[in-house]
Amino acid sequence: MPLTAGRKHGSDLSDGSVSKLQRTKSTRPNEEYEKKIVNRKMKDVEISVPIVYGTISFWLGKKASEYHSHKWTVYVRSATNEDLGVVIKRAVFQLHPSFNNPTRVVESPPFELSESGWGEFEIAISLFFHNDVCDKQLDLYHHLKLYPEEESGPQTTKKPVVVESYDEIVFSEPSEGFFARVQNHPAVNVPRLPATFSLLPQGLIDNVNDRRRGDTKDHPLGQWFMNFSEADELLKLAAARQQIQTHIVKLRRQLSLLDAQPQQSKPISGQ
Ligand code: SLL
């Protein structure tokens with residue numbers, strides 16, 4: 001299920017913000033007009049951002065103590081490890097109250113936090129978006145897992161326990177400013193627009209490429225990241241379809257063999 005990050009964002013010049021805007025001193029004569037078109041909402045358009053969030057935890061083995069048996073990292077990353085800083089302004093990780101300062105704020109990408117501890121608990125992750133994206137926060141929940149399942153063998157310090165979830169943040173009716181700003185950014189999926197649609201003039205588009213690189217492509221934990229790419233997903237679906245097809249053929253053959261067998265006369269009961 002895609003996550004929908006609210007519809008209301010940007011300042012709508014038809015509401016109470018008008019008087020406030022009119023009172024501010026304008027440096028350029030066109031400023032009010034420019035703001036209006038940058039904030040204009042695009043009807044029937046959706047922008048989606050594929051994300052992965054989860055934890056990777058290592059058992060400390062000989063170095064483990066009673067209260068620090070594992071070190072772990074919780075994160076929100078782009079499903080293709082691109083820089084999410086283009087959309088997300090801040091992530092807040094809410095830890096168990098047994099941690100010092102359990103509310104941890106991360107103001108720039110990559111949006112992650114590393115800690116050490118002894119127990120599993122639910123981490124609440126709140127995502128805050130840039131002003132032109134959405135003014136509502138998005139809350140995600142992830143259960144920190146430290147101990148491997150029995151079937152994956154005993155705990156080792158080499159192989160971490162990895163739990164990740166894939167989802168897509170969907171922004172309905174994005175502002176033109178947001179659309180134009182992220183249109184060619186690899187972390188974001190935007191629809192192709194009809195040729196008749198004219199986008200904002202270049203001068204009004206915020207340049208996202210100027211920002212610091214915050215992707216997770218060469219991340220130290222990268223080898224443990226799971227693959228959620230669409231191509232991968234399609235391959236899995238095709239393999240599953242193939243398997244079902246083979247099964248259907250086998251069942252059909254069994255059925256026709258049964259049909260070909262002479263009918264056994266059933267005893268008539270109750271008479
Ligand atoms: C449990 N309900 O009993 C859970 C709580 C809390 C884990 C787990 C704190 C580490 C620290 C820590 O790991 N708390 O003191 O820095 O399993």
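Numbering starts at 1 and runs along the sequence shown. Order of appearance sets the numbers: ligands from 1, and atoms from 1 within every ligand.
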The single option from Phe121, Tyr67, Trp118 passing ring-ring contact (aromatic ring centres under 6.0 Å, His included) against Phe99: Phe121
Residue and atom name of the nearest protein heavy atom (relative to atom 15 (O) of ligand 1), distance in Å to one decimal: Ser98 O, 3.6 Å
Distance-only N or O hit between ligand 1 and Tyr67, under 3.5 Å: no
Phe128 six-ring centre to Lys89 NZ/CZ under 6.0 Å and within 45° of normal: no
Taking atom 2 (N) of ligand 1 as the reference point, the nearest protein heavy atom with its distance: Glu120 O, 4.0 Å
Min heavy-atom dist Glu115 to ligand 1 below 4.0 Å: no
Atoms of ligand 1 close to His68 [distance to a heavy atom under 4.0 angstrom, numbered from 1]: 16 (O)
Shortest protein heavy-atom distance from atom 13 (O) of ligand 1, along with the residue and atom involved: Trp118 N, 2.9 Å
Carboxylate-amine/guanidinium contact Glu107 Arg90, below 4.0 Å: yes
Aromatic plane relationship, His219 with Phe225 - under 30° parallel, 30 to 60° tilted, over 60° perpendicular: tilted
Stepwise ring-ring contact (aromatic ring centres under 6.0 Å, His included) test for Phe178 and Phe129: CA-CA 11 Å; Phe178 172 39; Phe129 305 102; 8.8 Å; no
Residues in ring-ring contact (aromatic ring centres under 6.0 Å, His included) contact with His143, at least two apart in sequence or another chain: none
Ligand 1 N/O within reach of His96 N/O, cut-off under 3.5 Å: no
Ligand-side contact atoms (ligand 1) for residue partner Gly117, heavy atom cut-off under 4.0 Å: 10 (C), 13 (O)
